[in-house]
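Only one structure is covered here, and it is reproduced in the block below.
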Amino acid sequence: MSSFQYCPHCGHALTALPLSGRERMACVQDGCGFVQWDNPLPVLAAVVEYDGRLLLARNAAWPAHMFALVTGFLERGETPEDGVARELKEETNLDAETVSLIGVYEFMRKNELIIAYHVRASGTIVLSEELADYKLVAPEKMRIWSAGTGFAVADWLEARGYPVRFFDRQTGQDIPDPRRPWQPLPADATLQYRP
């Protein structure tokens with residue numbers, strides 16, 4: 001997130017000031033007191049289990065080969081559980097039958113904090129205009145990207161005894177588990193990405 005240059009409350013130029021142990025942009029105009037804290041935004045992510053498989057979606061702005069979890073921002077006045085169910089309904093038309101927390105993950109590149117849930121879903125998939133495509137992947141065949149929501153998928157798979165296989169999105173090659181960089185690749189690892 002880029003910093004404000006001007007105060008969104010009174011319009012005066014912001015000044016860099018040391019506040020709460022960091023330099024922050026703040027308004028020094030008498031009576032205003034605005035501070036841009038620039039805290040991470042809470043993002044909800046759903047590891048969607050549908051018909052015994054995991055649902056991955058492709059955002060309309062992404063390349064054709066790129067799929068990930070259904071995600072969205074937490075809105076004012078809703079619990080994270082309600083928010084992830086809402087996002088799933090809005091983006092796929094699926095209903096959340098059960099929602100259970102997997103974990104919380106950093107995504108510093110976008111200044112976000114990911115709250116990931118396992119969602120068992122039912123209904124008929126109808127994509128919103130935000131999504132261009134989807135695919136269903138058997139858990140044992142899942143290959144995982146090594147960032148943000150990929151770690152939630154890895155934790156979910158591992159907790160259920162499925163293989164955890166990470167790949168590099170640039171090259172398509174399998175890579176060691178970034179959560180455990182000291183472990184070598186599994187013997188059955190492939191060097192080509194096969195969706």
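What you see is a predicted model, and the numbers here were worked out from it, not measured in a lab.
The backbone N or O of A64 sits nowhere less than 3.5 Å from a side-chain atom of D133 that would complete a donor-acceptor pair. Side chain of E106 to main chain of M108: a donor-acceptor pair is present (N/O by atom type, distance under 3.5 Å, no hydrogens or angles). Side-chain atoms of R143 come within 3.5 Å of backbone N or O of G172 as a donor-acceptor pair. Put simply, the side chain of E78 gets close to the backbone of E75: a donor and an acceptor are under 3.5 Å apart.
Checked against side chain to side chain contact (heavy atoms under 4.5 Å, CB included), E112 has the following partners two or more places apart in sequence or in another chain: V43, F73, F107, K110. Every residue meeting the side chain to side chain contact (heavy atoms under 4.5 Å, CB included) condition with A138, not counting sequence neighbours, appears here in chain and number order: E140, K141. Residues that satisfy the side chain to side chain contact (heavy atoms under 4.5 Å, CB included) test with A26, not counting sequence neighbours, are L17, L19, V35.
A 4.5 Å side-chain heavy-atom check between F34 and P8 finds at least one atom pair inside the cut-off. Counting heavy atoms from C-beta outward, S146 and I175 have side chains that approach closer than 4.5 Å. Counting heavy atoms from C-beta outward, I125 and N93 have side chains that stay 4.5 Å or more apart. Residues L54 and M142 are in side-chain contact: their nearest non-hydrogen atoms beyond the backbone lie under 4.5 Å apart. Residues V84 and V99 have side chains in contact (heavy-atom distance under 4.5 Å, counting atoms from C-beta outward). With a 4.5 Å cut-off on side-chain heavy atoms, V153 and F151 do not count as touching. Using a 4.5 Å heavy-atom cutoff, the side chains of V47 and V119 are not in contact. Residues V70 and L44 form no side-chain contact, since every pair of their non-hydrogen atoms from C-beta on lies 4.5 Å or further apart.
Judged as a side-chain hydrogen bond (donor to acceptor under 3.5 Å, both in side chains), the pairs with a partner in residues 45-54 (not counting sequence neighbours) are, in order, E49-H118, E49-R120. A side-chain hydrogen bond (donor to acceptor under 3.5 Å, both in side chains) check over residues 19-30, counting only residues at least two apart or in different chains, returns the pairs H12-Q29.
The pair D155-R179 counts as a salt bridge, with a side-chain nitrogen and a carboxylate oxygen less than 4.0 angstrom apart.
Hydrophobic clustering, defined by side-chain heavy atoms of Ile, Leu, Val, Met, Phe, Trp and Tyr closer than 4.5 Å, groups W62 together with M66.
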Query raised in the report: Can you check side-chain hydrogen bond (donor to acceptor under 3.5 Å, both in side chains) on E97 and S122, steps first, answer last?
Result: CA-CA 7 Å; E97 292 179 354; S122 63; 2.8 Å; yes
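From L56, atom CG reaches atom CZ of F67 across 8.0 Å, with rounding to the nearest 0.5 Å.
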